[in-house]
Amino acid sequence: MTEVLDLAKRLIAAPSVTPATGEVFDELEAMLAPLGFAVHRFRAGQAPEGPVENLFAIRQGPAGSKHFAFAGHLDVVPPGEGWTSGAFEPKVRSAPGGDLLYGRGAVDMKGSIACMVDAVAGIATDAGTISFIITGDEEGPAIFGTRALIDHMREAGHQPDLCLVGEPTSVRRLGDMMKIGRRGSLNIWLEVEGKEGHVAYPHLADNPIPKLVAMLAELDALVLDEGSDWFQPSNLEITDIEVGNPATNVIPHRATARLSIRFNDRHTGAELSERVIEIATRHGGAARPVISGEPFLTPPGDFSDIVAAAVAAETGLDPEPSTTGGTSDARFLRAVCPVIEFGLCNATMHKRDEAVAVEDLAVLTRIYRRIALAALAR
């Protein structure tokens with residue numbers, strides 16, 4: 001337990017608000033290099049979304065052996081105010097259920113990465129090829145992060161057979177849930193142009209707000225589907241409306257809004273975009289869609305069985321296979337190989353006083369070691 005706790009503390013102590021660069025990657029490289037990993041670091045992209053630092057580390061096994069990959073991110077969301085102690089000053093404090101390690105990234109997901117490193121330290125080189133796919137931009141736009149890492153792996157000829165992403169998937173207890181898929185994510189910016197004028201002379205103006213309201217009412221009334229075998233129903237949410245009109249006697253010239261759609265495997269981002277564009281156009285407006293990711297599913301089978309067996313051996317739990325929650329970089333990695341997400345309890349992620357149970361770090365290390373060994377022995 002001491003080793004993984006020290007590794008987690010070192011990563012937390014390196015501030016890494018997205019996009020992360022520098023010190024936190026230095027720490028991870030210093031952990032992996034002594035274990036025999038060839039570490040490749042590079043930066044991708046330009047401002048404003050970049051540059052983003054990425055790390056790919058690989059330890060080659062015997063020729064023809066299986067290749068198992070751990071994936072994750074070192075960047076964290078901004079800490080915010082009101083922490084009991086410094087967000088990047090890792091502290092262990094006693095609690096009724098056992099000691100807790102506090103710090104930004106404790107569960108999302110520097111704690112999981114520390115467990116990955118400690119797990120690999122106990123696996124012999126001849127067991128097979130192991131790699132780490134680590135970005136500094138999962139919490140941000142995610143344009144120059146894992147996608148750039150995938151390009152790097154393809155150019156280098158490194159194709160994992162299976163990949164485990166260490167997102168915090170557990171809910172009430174470590175091991176109660178794993179993610180075998182995720183819904184897609186689509187954001188759409190809506191705009192209606194009008195003609196400004198005095199409110200007393202509406203015939204000389206063209207108010208865009210009623211058109212936008214009618215557009216949003218039709219969109220909000222849509223029932224996209226009733227769900228599918230492994231996915232909950234898709235949902236469309238209005239996330240912003242803006243006119244920016246400071247005057248009480250002026251009809252504005254423009255009104256805008258924004259939508260977010262989380263969609264299951266009954267849809268594609270392109271199909272939903274076209275549907276919204278048609279509705280916006282019919283109401284005299286325009287729509288600009290941005291697809292953040294398509295839905296994916298790793299159907300229950302050999303890989304989920306490996307994860308479930310490892311969890312059961314260490315916790316006695318049978319993890320629920322789920323596709324709930326937000327997006328992750330698994331949406332990109334699924335194009336490379338089958339991918340499953342499994343990690344720590346998510347109750348405090350993105351909150352102040354983010355914390356992980358110290359005992360959970362030790363247990364997750366053992367689970368990760370079992371998963372890697374079983375995957376390499378397939």
Side-chain angles (χ1 to χ4, degrees), residues 3-4 6-12 14 16 18-44 51-63 65-76 105 109-138 142 144-167 328-330 332-333 336-337 339-343 364-365 368-369 371-373 375-376:
E3 183 66 22
V4 69
D6 289 344
L7 295 175
K9 285 180 176 180
R10 286 168 59 184
L11 293 175
I12 292 171
S16 56
T18 190
T21 59
E23 181 184 356
V24 71
F25 283 93
D26 295 341
E27 289 289 349
L28 183 57
E29 180 175 4
M31 296 173 190
L32 291 173
L35 300 178
F37 282 83
V39 180
H40 307 273
R41 291 167 59 178
F42 64 94
R43 296 191 181 194
V52 170
E53 185 157 6
N54 299 297
L55 180 150
F56 178 74
I58 188 165
R59 190 179 72 183
Q60 296 281 2
S65 61
K66 294 290 186 179
H67 178 176
F68 179 75
F70 285 111
H73 60 92
L74 286 170
D75 62 316
V76 297
M109 56 175 284
K110 293 179 178 181
S112 290
I113 292 177
C115 293
M116 294 172 183
V117 175
D118 200 27
V120 169
I123 298 176
T125 302
D126 60 7
T129 297
I130 298 176
S131 64
F132 282 73
I133 306 167
I134 308 295
T135 183
D137 187 33
E138 193 271 351
F144 301 113
T146 296
R147 287 188 276 197
L149 279 160
I150 291 171
D151 291 340
H152 173 82
M153 288 190 296
R154 285 176 174 158
E155 291 170 5
H158 298 310
Q159 179 85 11
D161 296 294
L162 297 173
C163 179
L164 185 81
V165 179
E167 288 290 343
S328 77
D329 278 359
F332 307 128
L333 292 162
V336 177
C337 65
V339 59
I340 286 178
E341 301 172 45
F342 179 75
L364 185 60
T365 295
Y368 280 167
R369 186 176 296 128
I371 292 171
L373 285 170
L376 294 172

Heavy atoms only: give me the nearest [X]-[Y] pair and the separation to one decimal.
X	Y	result
Ile134	Ala71	CD1-C, 4.3 Å
Gly22	Arg43	N-NH2, 4.2 Å
Pro160	Cys337	O-CB, 3.3 Å
Ala142	Asp329	CB-OD1, 4.2 Å
Val52	Pro19	CG2-CB, 4.2 Å
Cys163	Leu333	SG-CD1, 4.0 Å

So how far is it from [X] [atom1] to [Y] [atom2], rounded to the nearest 0.5 Å?
X	Y	atom1	atom2	value
Met116	Tyr368	CE	OH	4.5 Å
Phe144	Phe42	CZ	CZ	12.0 Å
Leu32	Ile58	CG	CD1	12.0 Å
Asp75	Glu138	CG	CD	6.5 Å
Phe25	Thr135	CZ	OG1	6.0 Å
Glu29	Arg41	CD	CZ	5.0 Å

Check: [X] side chain, [Y] main-chain N or O, donor-acceptor pair, under 3.5 Å:
X	Y	result
Thr365	Ala119	no
Arg369	Asp118	yes
Ser112	Gly343	no
Glu167	Met109	no
Gln159	Arg154	no
Lys110	Ala14	yes
Asp161	Ser65	no

Report yes if some heavy atom in the side chain of [X] is under 4.5 Å from a heavy atom in the side chain of [Y]; otherwise report no.
X	Y	answer
Val39	Leu28	no
Met31	Leu11	yes
Val76	Ile12	no
Leu74	Glu27	no

Member of Leu149, Thr146, Ile133, Thr21 meeting the side chain to side chain contact (heavy atoms under 4.5 Å, CB included) criterion with Asn54
Leu149
Derivation and outcome, side-chain contact (heavy atoms from CB on, under 4.5 Å), residues Leu162 and Ile371:
CA-CA 10 Å; Leu162 297 173; Ile371 292 171; over 6 Å; no
Looking at Arg147 and Asp137, does any basic side-chain N land under 4.0 Å from a carboxylate oxygen?
no
Sole residue of His67, His158, Gln60 in side-chain hydrogen bond (donor to acceptor under 3.5 Å, both in side chains) with Ser131:
His67
Non-neighbouring partners of Ala372 that pass side-chain contact (heavy atoms from CB on, under 4.5 Å), sequence neighbours left out:
Phe68, Phe70, Ile123
Would you sort out whether Arg59 and Val120 count as a side-chain contact (heavy atoms from CB on, under 4.5 Å), showing the intermediate values?
CA-CA 10 Å; Arg59 190 179 72 183; Val120 169; 3.9 Å; yes
